[in-house]
K.L.:
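Encoded as structure tokens, here's the structure I'll be asking about.
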Amino acid sequence: PPCKARIYTNHWAVRIAGGTEVAERIAEKYGYRNMGQIGDLKDHYHFYHSRTIKRSTLYSRGRHNFISMEPKVEWIQQQVVKRRIKR
Amino acid sequence: DYKPSPPLSLSSSAQLSQAQSNIFYNDAKWSSMWYIHCSDDVHNCQSDMNIMGAWKRGYTGKDVVVTILDDGIERNHPDLLQNYDPQASFDVNGNDMDPMPRYDATNENKHGTRCAGEVAAAANNSHCIVGIAYNARIGGVRMLDGDVTDMVEAKSLSLQPQHIDIYSASWGPDDDGKTVDGPASLARQAFENGIRMGRKGRGSIFVWASGNGGRSRDHCSCDGYTNSIYTISISSTAESGRKPWYLEECSSTLTTTYSSGENYDRKIITTDLRHRCTDSHTGTSASAPMAAAIIALALEANPLLSWRDVQHIIVKTSRAGHLSAPDWKSNAAGYNVSHLYGFGLMDAEAMVKEAERWRQVPAQHVCVESADRQIRTIRPEHVVRSVYKATGCTDNPNHHVIYLEHVVVRITITHPRRGDLSINLTSPSGTKSQLLANRLFDHSMEGFKNWEFMTTHCWGEKAAGDWVLEIYDSPSQLRSQKVPGKLKEWSLVLYGTSVHPYSSLRNDKPRSTDTLTLTPTEEEFTEEYNGPCDAECNDGCEGPGPHHCINCLNYFLKFKNNTRTCVSECPSGFFHDDRKRCKKCSSSCETCIGSRSDQCTTCRAGHHLNEGTHTCVASCADSFYLDYDFNICRKCPENCKKCNSSNVCTECNPGMSLQGNRCQLTCDPGTYYNGHRRTCEHCHRTCATCAGTGAEACTKCAEGYLMEDWRCVLTCSTGYYLSEQTSDNGHMQKSCKMCDHSCYECLGPGERNCSSCVSGYNLEAGACVVSTICKDESWAEGSFCVLVKRNNLCQRRVLQQLCCRTCSQKG
């Protein structure tokens, strides 16, 4: 049976005001890599952290979590794997 | 041994036209495409999606861009290469621009390529099939071949929204019959951004395959993607019109296309991985791309269709046909709808015809009704019914909903076994939508936390009125806990318009073009004015003023030169009719409800409103008085000819007499006016005149009778004496008057005119004195007995005995 527990990835969605440069600076400060804007969603960025667990049933904890305390970071969400099936 | 023939170029449209008129293509599987050749006698399907009809009208999806969100697209497939659009493609899983699928031994990633072929496989290239929109541009997003997260979905759904017209998705949460899941915050935001800003503000079109969990007794209302108002949820029917085994039913399904059915039913033929062709494409996965392609044909016919226009056209043109369902019903707007198939089978030709002449629907209004937070216990094997009287937000013009589109119900329920619940919603017009059916395998204890159920079944109905929510608890044998559930909260969100979506009030500018000779270009449909509109405009404008509105928010005035202007309220001297047009009142009215002179509600200066006739008069007529506070002529009381107010008559009608402030009928002598019967009736026979019925109501006695205390008697009664008095007019008036209290009978007034006494008293010189012989002097003799005698109490036997001596004394 499929795993019912939440599976956290090492990807984050972040909303940062101020543009790409600000996002880039904040990503670098906390060890993330800015993968770019999420589709067409303005001010939303895809952050990837290579030094966190790729798949975990626990949300990631570490120094990189302090990113949420940055004033420019309006919202942050660690990405969870969703079970999706082709029909 | 595949030999590709040169693809048709755009300049060979003449060849194409000829090909269309004959409708024969050399693609290998062309004749096996049963869902396109439905009208032929050879095949079994009875209802046609009329795809060839749309082609014959010249619509093949040209300049429309469709992308398949799936596991990739084989962009170099011979049947897809011609129409492949790299700008409509991306690899989210690999984070690069190339959406080529990952190949493995099982060909696991064939899904996207199969879906893509249905949409835009090239025509007449000898290979495989012909896509329904064979001139559309097709792209693919590789996003299912890896960890699918909220961000992955959002990236896919918001890819190039100004370039991509239609996103087709044939995936979703698990169809195991026990999952409740939907888009998370980023994906939801992508939907909302897409419909608001995609396609240059007309809104991206999201097409979604309905759930495939029929065998698991799943219900597609537990899928937040198909449940969304922003997606067009597509169902499937087999060639026979019967329900496929995999099909789920729910109220959010909008329409249906053909797909596979039982093992003996034919499946969908399409492009397959490794440059192949397959005839085994199945499920609702095959239906969504078909629907996307048909929508592409409609968008070619009218590129300015908004995301809501597309849904309206689908509702209008889909048909029940031979689709078999036990619950087909006609809603109050006249649309046939069922939970299996939505509004029925798509009709491509009807859609393009409708699109050609389509007028954009008015702006969407969203009415969020108040939540019902009364907690109700859901007892096993019982129903909880809750009624909510919706107003449609009449108090807020920007949110007012009269004509419905989607209806969403947000529900929070706690329950020990979610699968035992079923939920129905009945609209004010009586249309019942099954928001949730029992799910045998759903044993979750999580209930529903503000879950949004959606129904399309009330499309076109009126929003205001009583909405009834019913929740049934049918405990399964697998349920261990008998703890009852609770309905914690529910609320309605009504989507729709305040103006009829197909009203003739809207802009009459024709949009149809001769599609056989002229391909419409975007310039022909571009609005000339892009600036702000007047506040009274409801749906766009052609200039800044209220007379430039395409549609009015409130009312409009029409002038003799056939122009019109929008107003917030009709001016003084005008009223508004059912169609919100301001029309003139009668000349004397200031306000009115109609144009006749008897339809005034207030009057111009110098005129008064007549209460009964609702006309405006210069002065109040006879039998009316002027109520100065309200400037109304009100009717005088009954029988008044003139009056000052509602209870003061000043002059009576003939035959009436003024008695006090009232007019009453004048009666002959010997009769009196009976107010109840409103007639004159005879007095008692002893009365000459009277004030009412009976012998005690005489005011004057008849001849030979004497007045005795409001009665008329022939002779004076005992205790009364005959009195004669001369009246003012000199006549002798006889009457009976009461004797002095000391006398039993008398001849005149006073205590010395007694003619007989009561027992115990002796008549002495005309006075009645006590006749008792006193015995021994009593203890009370003295001042007490003096008081007794002084107060004429000696007549009382007890006091007479007590004060015998004193009472016996004269004086």
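Naming convention: chains lettered A, B, ... in sequence-line order (proteins, then strands); numbering from 1 in each chain.
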K.L.:
Out of curiosity, A/Lys86 NZ to B/Leu144 CG, how far, rounded to the nearest 0.5 Å?
P.N.:
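Here the rounded value is 6.0 Å.
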K.L.:
Could you report the tightest heavy-atom contact between B/Pro173 and A/Ile85, atom names first, then the distance?
P.N.:
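B/Pro173 and A/Ile85 have their closest heavy atoms at O-CG1, 3.7 Å.
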K.L.:
For B/Asn109, is it the side chain, the backbone, both, or neither that has a heavy atom closer than 4.5 Å to a heavy atom of chain A?
P.N.:
both
K.L.:
Can a donor-acceptor pair be found, under 3.5 Å and without considering hydrogens, that links the side chain of B/Gln189 to the backbone of A/Leu41?
P.N.:
no
K.L.:
Taking all heavy atoms of B/Thr149 and all of A/Lys82, pick out the closest pair and write down the distance.
P.N.:
C-CD, 4.4 Å
K.L.:
Using non-hydrogen atoms only, which part of B/Ser210 is less than 4.5 Å away from chain A: side chain, backbone, both, or neither?
P.N.:
backbone
K.L.:
What is the distance from atom NZ of B/Lys155 to atom NE2 of A/His44, rounded to the nearest 0.5 Å?
P.N.:
13.0 Å
K.L.:
Go through the atoms of A/Val80 and report whether side chain, backbone, both or neither lie under 4.5 Å from a heavy atom of chain B.
P.N.:
backbone
K.L.:
What are the two closest heavy atoms between A/Gln77 and B/Ser185, and how far apart are they?
P.N.:
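Scanning both residues, the minimum pair turns out to be NE2-OG, 3.8 Å.
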K.L.:
Would you give the length of the straight line joining atom NE2 of A/His11 to atom CG of B/Asp147, rounded to the nearest 0.5 angstrom?
P.N.:
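Rounded to the nearest 0.5 Å, the NE2-CG separation comes out at 7.5 Å.
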K.L.:
If you look at every heavy atom in B/Ser158 and A/Ile38, which pair is closest and at what distance?
P.N.:
OG-O, 4.0 Å
K.L.:
Heavy-atom cut-off 4.5 Å, strictly under: side chain, backbone, both or neither for B/Asp175 against chain A?
P.N.:
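For B/Asp175, heavy atoms of backbone and side chain both lie under 4.5 Å from chain A.
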